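Indexing begins at 1, ligand by ligand and atom by atom, following the structure's order. This structure is a prediction, so every number in the text was calculated from the model and none was measured.
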Amino acid sequence: MNYDAMFQSALDGLHADGSYRYFAELERRAGDFPKAFHHGIGREVTVWCSNDYLGMGQHAEVLAAMHKALAETGAGAGGTRNISGTNHYHVALEKELASLHGKESALLFNSGYLSNWVTLGTIAARLKGCVVLSDASNHASMIEGIRHSRAEKQIFRHNDVEDLERRLKEIPADVPKIIAFESVYSMDGDIAPIEAFCDLADKYGAMTYLDEVHAVGMYGEHGAGIAEKLGLSHRLTVIEGTLGKGYGVVGGYIAASAPLCDFVRSFGSGFIFSTALPPMIAAGALASVRYLKRSQKERDGQQRAVAYMREALDRAGIPHVQNDSHIVPVMVGEADLCRALSDELLTRFGHYLQPINYPTVARGTERLRLTPTPLHTNEDIDEMVVALSTLWQERQLKRSVAA
Ligand code: PMP
């Protein structure tokens, strides 16, 4: 058997349908973000697709906390959480996250992906007869967790309150139910009708599971996300977040009741049997969470940059999706064109922006997804919009009506 030939033939399929993923070697240099060194083209570039949404990955307080913890505790955690791997930084971070979201308890995971996969997988598998109602646009980590649980899953239309209610009505009252959804959806930047979903959860006795991965650090008075901004944190059964995007480090978590967190901690094999995050990571994340709890500067700066970019795109007639978040999708609608635009932005103009193609988004909705941060200056934004405008002009692409 030629196994490599089998692997290669699957990869050829990805190349053929334009969905093969490229991995640019990008040198992030602390202090220079959003500039980075791109090894492929051998020059400095401006990064437009980083999920280090607020630039906290280079924040002085975060770096200092990590240096200090590294010197104190060494490199790794030394074990799984229950076998010698729990350090006081893990405990302090869990307390901080619980209090941030107004919950009794929190539980750390090695990534946001794992927090979704383990929590949904464990609850849905262990609560007998559980039915999961999952938004059609949910992230792969939720989808995989639900699949792993082997529980019954119903996919409701994206952000559709009526479709969700129609399904809830059909499920017997005594059956455990979870409504799983996100607050800010990462590809369109649209926001879920959280309050209406919570109302339905109350009416039909369901739990609510909210992924705030693209919102924590960035929304709400203390950076606790959209639920905090809308005053709804107390109505959600589980709030899940990442420490790798707005908070700039790595790791994931859930915040919920003490019994729920203890349940996942006690039954979730993906939590139990995996080496804990290094204490220095927990220390860095803790510093980032605490800092963003009190500082509005980064959130304000992000909103400023996003508003400035949207206005500049409107003036140039570059079509982009309107939403109430920091995610600015520029619609292209064709995979090859999307990749070509991204290549030209990089090689001619020094802007690094990965194309978003199928299967991340549906065919025909390929796009360039811009995430301006507080560290992008107006000049950076002007340069990017001029580059886009030049490409739109040269390729005679459709402009938006505002132009
Ligand atoms: N949920 C959503 C909605 C995401 O977009 C992502 C990551 N892109 C995750 C969860 C996983 O988070 P992490 O990157 O921390 O694993």
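A salt bridge is absent between D336 and R339; no separation between the charged side-chain nitrogens and carboxylate oxygens falls under 4.0 Å. Between K35 and E27, none of the side-chain N atoms (NZ, or NE/NH1/NH2) sits under 4.0 Å from a carboxylate O, so this pair counts as no salt bridge. For E221 and K293, the salt-bridge test fails: no basic side-chain N is under 4.0 Å from an acidic carboxylate O.
Residue Y113 has at least one heavy-atom neighbour below 4.0 Å for each of these atoms of ligand 1: 11 (C), 12 (O), 13 (P), 16 (O). Remark: ligand 1 atoms within the under-4.0 Å shell around heavy atoms of T242 are 13 (P), 15 (O). Ligand-side atoms of ligand 1 in range of S141: 10 (C), range being under 4.0 angstrom from any heavy atom. Proximity to E182 (heavy-atom distance under 4.0 Å) selects the following atoms of ligand 1: 3 (C). Residue N116 has at least one heavy-atom neighbour below 4.0 Å for each of these atoms of ligand 1: 1 (N), 10 (C).
At least one donor-acceptor pair closer than 3.5 Å links the side chain of E366 to the backbone N or O of G364.
At the top of the distance list for atom 5 (O) of ligand 1, counting protein heavy atoms only, stands H214 NE2, 2.5 Å. Closest to atom 8 (N) of ligand 1, if we only count protein heavy atoms, is K245 NZ, 2.9 Å. Ranking protein heavy atoms by distance to atom 9 (C) of ligand 1, first place goes to H139 CE1, 3.5 Å.
By the 3.5 Å distance cut-off applied to N or O atoms, S186 is not counted among the residues near ligand 1. Residue contacts with ligand 1: G112 is placed with a nitrogen or oxygen under 3.5 Å of a nitrogen or oxygen of the ligand (distance criterion only).
Judged by a 6.0 Å distance limit and a 45° cone about the ring axis, R363 is positioned over the six-membered ring of Y358.
When V250, L114, D211 are checked for heavy-atom proximity to atom 1 (N) of ligand 1, D211 turns out nearest.
Atom CD of Q8 has more than 12 heavy atoms from other residues, nucleotides or ligands within 6.0 Å.
Taken to the nearest 0.5 Å, the OG atom of S183 stands 7.0 Å off from the CG atom of D211.
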- Audit row: T46, Y352, side chain to side chain contact (heavy atoms under 4.5 Å, CB included) steps and yes/no: CA-CA 6 Å; T46 307; Y352 174 68; over 6 Å; no
